[in-house]
Amino acid sequence: DAGVTQSPTHLIKTRGQQVTLRCSPISGHKSVSWYQQVLGQGPQFIFQYYEKEERGRGNFPDRFSARQFPNYSSELNVNALLLGDSALYLCASSFGQRTLIEQFFGPGTRLTVL
Amino acid sequence: AQSVTQPDIHITVSEGASLELRCNYSYGATPYLFWYVQSPGQGLQLLLKYFSGDTLVQGIKGFEAEFKRSQSSFNLRKPSVHWSDAAEYFCAALNTGFQKLVFGTGTRLLVSP
């Protein structure tokens, strides 16, 4: 079975641009969570989506938004990019909303903002 | 505030030697506790988790962790380290409302020959 997939693998943007990152969960999983991992830090929770609705949000500005599609895949959008947005963005999927205890992580998208 | 602390940024262990990585948490009630490993270019892989019951938890790849309520700790151990264990290790905690998974800052394990 395929695991969590994310695209693209790497991305380079300049300040002020907008970026969209994509995540496909494990088949049958209905919940997707997004995390930001800045170099040298642990992952920070950004969003959780379940059944196409936002179910949790971390301490991130409104420049960050996400959505989940009927096939449970998800996109993370970041507007007006700042240098500090450079990070590894991880997507994790789980079966249900309350099953963050059984999350499976993708390999991440490395975003570099110049 | 809920937090997870990993006091060691880097640890170097000789191959074949034992390993202990430290993790402390600060939560009102005992959270669910996890250890993840991240190899370069890889996502996070769950090593083990603790919810309740036996305070010594067995995980994959020969790892185990011990929960100590009195010390608010959940330290990861392995009796004999292999070169392939070199990676970054993250301790994480999930509150009982299942709302937010909080990670520590990680410990990078280096394995010397």
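Everything numeric here is computed off the predicted structure, so don't read it as measured data. In what follows, every chain begins at residue 1, and chains take the letters A, B, ... in the order their sequences are listed.
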Is there a donor in the side chain of [X] and an acceptor in the side chain of [Y], or the other way round, less than 3.5 Å apart?
X       : Y        : value
B/Asn75 : B/Ser73  : no
B/Arg69 : B/Thr30  : yes
B/Tyr36 : A/Gln103 : no

Options B/Ile9, B/Thr105, B/Leu44, ranked by heavy-atom pairs under 4.5 Å with chain A, top entry: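 Option with the top pair count is B/Leu44.
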Under 6.0 Å from the six-membered ring centre of B/Phe34 and within 45° of its axis: does the NZ or CZ of B/Lys49 meet both?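 Checked: cation-pi criterion not met.
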Measure A/Gln37 against the heavy atoms of chain B and call it side chain, backbone, both or neither at under 4.5 Å. side chain
Honestly, the part of B/Gln38 sitting under 4.5 Å from a heavy atom of chain A is side chain
